Amino acid sequence: MILPRFDVLVPGSIDEACAMLKQYAAKGVRILAGGTDLLVDLRRPIVPAEISTCGGCASHKSAGVRSTIDCGWWEGDSSPESDRALLTKVQDSNWKYPQYLISIHKIKELRGIEVDGKGNLRVAAMTTITDIERSDVIRENWTALAEGADFLGSPLVRNRGTIGGNIANARPAADSFIPSVALGGVLDIRSEKGSRKVAVDSFATGPGKTVLGKGEIITSIEFPAPPEFSGSAYYKLANRKSLEISNVGVAVWVALENPDGPVSDIRVALGAVGPTPILAESVKKVLIGKKADDANIKQAAKAARDDARPIDDHRGSAWYRSMMVELVTDRLIRLAVRRSGGEV
Amino acid sequence: LKKLITLTVNGVTHELAVEPRRTLLEVVREDLGLTGSKKGCGIGDCGACTMLVDGVATFSCLMLAIQADGCNVETVESLAENGKLNKLQQSFVDVGAIQCGYCTPGMLMMATELLRRNPHPEEKEIRLALSGNLCRCTGYQKIVEAIKAVAGE
């Protein structure tokens with residue numbers, strides 16, 4: 001099946017991209033990064049965000065994800081005939097799917113991994129997942145992010161997919177999103193009006209929905225320097241090793257006061273068990289100020305389970321996911337503590 | 001609405017006018033007539049369309065031709081040397097790594113990228129590199145063996 005008709009704009013700078021976002025907002029515009037999600041979604045017009053209505057469909061007047069399947073525009077399995085028919089139908093109707101894609105691949109400042117003098121990490125939005133996976137400095141100091149990159153999609157997806165795109169798509173199981181929440185990532189967001197910073201843990205508002213406003217673009221994500229005696233880990237529980245969406249994904253970041261001492265801070269992020277990645281706040285109450293011993297870790301894992309809000313779907317039942325949140329969180333806290341220099 | 005792009009494919013530079021919505025795979029197959037790269041799923045699941053874009057293994061079904069403007073593209077047609085199969089291709093034939101053959105161009109390009117990066121990969125590295133390329137004949141074992149045979153030299 002061919003893609004629907006659209007024009008592609010190729011800005012040379014972030015400012016130019018922001019100007020284009022504003023200029024074409026009324027006609028429907030999306031940012032094209034790696035394309036591993038957007039170009040798939042465009043083959044069926046399931047594209048949310050800048051599209052305000054889905055054209056003549058009474059059931060979808062409100063904002064949100066509009067699926068052609070839900071509206072009855074498209075039914076059953078696809079075939080070239082049905083796809084062509086759909087395409088004609090969509091193009092002949094006043095359906096508003098994006099008419100413009102802004103491909104940001106030529107903006108050099110949107111690519112790269114930098115560590116500043118204070119040891120903080122800045123990953124530009126168009127940095128590919130492969131670049132993150134192969135970065136020694138990330139693997140050593142922000143381990144959960146490198147492990148998230150290991151688990152994401154397949155080598156081919158990682159070669160094209162970007163961290164900015166993975167986060168902007170706001171899927172609750174996104175493998176670079178979950179570790180970014182645990183590691184306390186902060187997004188740098190630009191628009192024509194200027195820039196603002198948003199913590200990754202408060203970026204997503206629902207599946208595919210974010211606080212990103214019209215005309216805004218993610219330019220980078222920053223991670224604080226890891227304190228001494230800290231460590232992190234990510235694990236994705238899934239049926240296959242590659243090209244899979246997790247049943248449960250857990251990222252843990254922990255800091256100890258000293259190798260034998262109590263936990264000074266901990267952040268546990270849960271994926272695929274809620275409408276957005278979840279920062280398990282109750283774990284902090286259980287573990288901060290206490291020693292990371294067997295009993296406390298077990299209790300912390302139970303707290304993470306209570307924070308999860310899984311649903312039943314074809315990947316697993318809510319009950320199974322709850323159990324697995326507890327199990328994986330338990331194991332990962334232990335791993336992160338060992339990586340922090342502690343023993344457990 | 002067509003846009004002009006420059007594509008270097010297998011060492012030959014082409015100036016092409018393409019519709020923005022067309023993928024690299026469509027342009028290479030339909031406009032340049034290089035039909036070695038296959039379209040399997042069209043949504044980045046199977047890897048049959050794998051090409052090397054500036055040396056990086058890429059789903060050509062999920063890259064717009066416009067995004068490849070100015071890039072150096074290599075397809076499976078670039079592998080043979082002077083009309084003869086290269087070592088990797090010959091190894092696929094010798095080991096019996098080809099059944100229906102549909103995944104083969106993608107497997108070969110993925111293996112080519114791996115062997116350039118790491119001429120002597122271990123078996124688990126080979127399996128990891130191929131983990132996004134599907135063979136629905138499920139002939140993975142022989143594909144891995146064919147690559148191992150070249151990697152061991």
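The structure displayed is predicted, hence computed values, not measured ones. The sequence lines fix the lettering, A, B, ..., with proteins before strands; numbering per chain opens at 1.
With hydrogens and angles ignored, the 3.5 Å screen pairs a side-chain donor or acceptor of Asn159(A) with a backbone N or O of Ala57(B). Without hydrogens or angle criteria, Arg21(B) side chain to Leu3(A) main chain gives a donor-acceptor distance under 3.5 Å. Remark: the backbone N or O of Ser131(B) is paired with a side-chain donor or acceptor of Ser242(A) at under 3.5 angstrom.
Contact annotation for Lys241(A): neither backbone nor side-chain heavy atoms come within less than 4.5 Å of a heavy atom of chain B. With a threshold of 4.5 angstrom between heavy atoms, Leu156(A) approaches chain B through its backbone and through its side chain. In this structure, the portion of Met110(B) lying under 4.5 Å from any heavy atom of chain A is its side chain and not its backbone. For Arg158(A), the part lying under 4.5 angstrom from a heavy atom of chain B is the side chain only.
When every heavy atom of Asp7(A) is checked against every heavy atom of Lys3(B), the shortest pair comes out as OD1-NZ, 3.1 Å. Of all heavy-atom pairs spanning Gln67(B) and Ala33(A), the tightest one is NE2-O, 3.6 Å.
When side chains are defined from C-beta on, His105(A) does not count as touching Met63(B), because their heavy atoms never get closer than 4.5 Å.
From Ile43(B), atom CD1 reaches atom CG of Asp37(A) across 11.0 Å, with rounding to the nearest 0.5 Å.
Applying side chain to side chain contact (heavy atoms under 4.5 Å, CB included) to Arg160(A) and the options Val53(B), Leu62(B), Thr58(B) leaves one that passes, Thr58(B).
Of the listed residues (Pro155(A), Gly35(A), Ser154(A)), the one with the most heavy-atom contacts under 4.5 Å to chain B is Pro155(A). The candidate from Leu64(B), Leu1(B), Ile66(B) with the greatest count of non-hydrogen atom pairs under 4.5 Å with chain A is Leu64(B).
Counted within 6.0 Å of CZ on Arg331(A), heavy atoms from surrounding residues, nucleotides or ligands total 12 or fewer; the atom is thus considered open.
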